[in-house]
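First the structure, in the form of structure tokens, and then the observations on it.
Each residue takes its place number in the sequence, starting with 1. Only a predicted model underlies this, so the values are computations on that prediction, with no experimental measurement involved.
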Amino acid sequence: MTVLEAVARWLADPAHWAGSDGIPRRLSEHVQLSAESVVIGALIALPIGVALGHYGRFGNLAMNVSNVGRAVPSFGVLVIAFQAFGLGDLPIVLALTALAVPPMLTNSYVALREVDPDIKEAARAMGYRELAQVMRVELPLAIPLIMAGIRTSAVQVVATATLAAIIAGGGFGRYIIDGLAQQDYTKLFAGAVLVGLLALGTEGSLSALERLLVPRGIRLLKAPERATTFKTA
């Protein structure tokens, strides 16, 4: 029996779809940890990135902080948070939030900076105040790049949430860690497959959301034309 056949049998076993260690329960835990981390990360990163991008100030500082955040290993942050807060969801969410912030911060900043200055000037000439200019002119044009950052963050968080099992957390990582400890490699590979499928589902769901949020006029532009629309600075 090949590994794929063993994994398929494991996934098809009704015993693995019920109880506290069943796939629905682990899916719920994994999605909860990931969603909480991405939402908190978005609440931190997007307002800062949009404000800095709109005013064009402290951009280098934002990019450097974002790069430092990317360089810090998630496992290291998880260990530090575990030492500070002990077991539970809090250290896991903190570590995953630290992972989620940099791509969203960078993309939102760059997206606002690359909106055509002539469009911004035209909005001011039409009497738009700062907030109205951001909400009604700049954000609709910047949404594709902002959503790309959100998609990157969400997929990274879903993949990294498997580390939660190391400090007694839930999610699909439980199958990977337990499978490794029990030398049940079918269980381990099944956990990896489930994480991969969830990451693909996350990417697909956010891509569908992006199509709903991006204005039809921007969506219909071909990629090179869209880039020209964004980038004149």
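Here the closest non-hydrogen pair linking A164 and G170 is CB-O, 4.0 Å. The shortest heavy-atom contact between R113 and G53 is CD-O, 3.0 Å. For A154 against T202, the heavy-atom pair with the smallest separation is CB-CG2, 3.7 Å. Considering all non-hydrogen atoms of both residues, G19 and R25 come closest at O-CB, 3.9 Å. Of all heavy-atom pairs between T97 and I44, the closest is CG2-CD1, 4.2 Å. Here the closest non-hydrogen pair linking A161 and H30 is CB-NE2, 3.5 Å.
In terms of the side chain to side chain donor-acceptor pair (under 3.5 Å) criterion, residue partners of E121 (sequence neighbours excluded) are, by chain and number, R124. Checked against salt bridge (Lys or Arg N to Asp or Glu O under 4.0 Å), R136 has no partners two or more places apart in sequence or in another chain. Partners of A159 according to the side-chain contact (heavy atoms from CB on, under 4.5 Å) rule, which considers only residues two or more places apart in sequence or in another chain, do not exist here. Residues passing the side-chain contact (heavy atoms from CB on, under 4.5 Å) test with A122, sequence neighbours excluded: none.
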Please set out all donor-acceptor pairs under 3.5 angstrom arising from side-chain atoms of residues 128-135, sequence neighbours excluded.
from, atom 1, to, atom 2, distance (Å)
E130, OE1, H54, NE2, 2.4
Q133, NE2, E138, OE2, 2.7

Under 3.5 Å, which donor-acceptor pairs do the side chains of residues 140-148 form with other protein atoms, sequence neighbours left out?
none

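Checking side-chain atoms of S205 against main-chain N and O of G201 turns up a donor-acceptor pair under 3.5 Å.
Using a 4.5 Å heavy-atom cutoff, the side chains of V155 and L200 are not in contact.
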(Q) As a quick check of understanding, evaluate side-chain contact (heavy atoms from CB on, under 4.5 Å) for I150 and L46, giving each step before the final call. (A) CA-CA 9 Å; I150 294 174; L46 295 185; 4.1 Å; yes
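Identified under the salt bridge (charged side-chain N to carboxylate O under 4.0 Å, His left out) test for residues 1-13, with sequence neighbours left out: none. Legend: salt bridge (charged side-chain N to carboxylate O under 4.0 Å, His left out) pairs involving residues 143-161, not counting sequence neighbours, sorted by first then second residue: R151-E203, R151-E210. Within the structure, salt bridge (charged side-chain N to carboxylate O under 4.0 Å, His left out) pairs that include any residue of residues 156-180 comprise R174-D178 (at least two apart or interchain). Legend: side chain to side chain donor-acceptor pair (under 3.5 Å) pairs involving residues 35-47, not counting sequence neighbours, sorted by first then second residue: Q32-E36. Applying the ring pair (Phe, Tyr, Trp, His ring centres under 6.0 Å) test to every pair with at least one member in residues 146-169, sequence neighbours left out, gives no pairs at all.
Atom CG of residue L139 and atom CG of residue L213 lie 11.0 Å apart, to the nearest 0.5 angstrom. Atom CG of L112 and atom CG of N107 lie 11.5 Å apart (nearest 0.5 Å). Going from atom CD1 of I40 over to atom CG of L94 covers 7.5 Å, rounded to the nearest 0.5 Å. In this structure, S207 OG and L212 CG are separated by 11.0 Å, a value rounded to the nearest 0.5 Å. The CG atom of L99 sits 4.5 Å away from atom OG1 of T160, with the distance rounded to the nearest 0.5 Å. Separating the OG1 atom in T162 from the CD1 atom in I177 is a distance of 7.5 Å, to the nearest 0.5 Å.
The hydrophobic clustering, which links ILVMFWY residues whose side-chain heavy atoms are closer than 4.5 Å, places V115 and Y55 apart.
Grouped with L188 in one hydrophobic cluster are V3, V7, W10, L11, W17, I23, L27, V31, V158, F172, Y175, I176, L180, Y185, F189, V193, L194, V195, L197, L198, the linkage being side-chain heavy-atom contacts under 4.5 Å among Ile, Leu, Val, Met, Phe, Trp and Tyr residues.
For CD of Q183, the number of neighbouring non-hydrogen atoms (other residues, nucleotides, ligands) closer than 6.0 Å is 12 at most.
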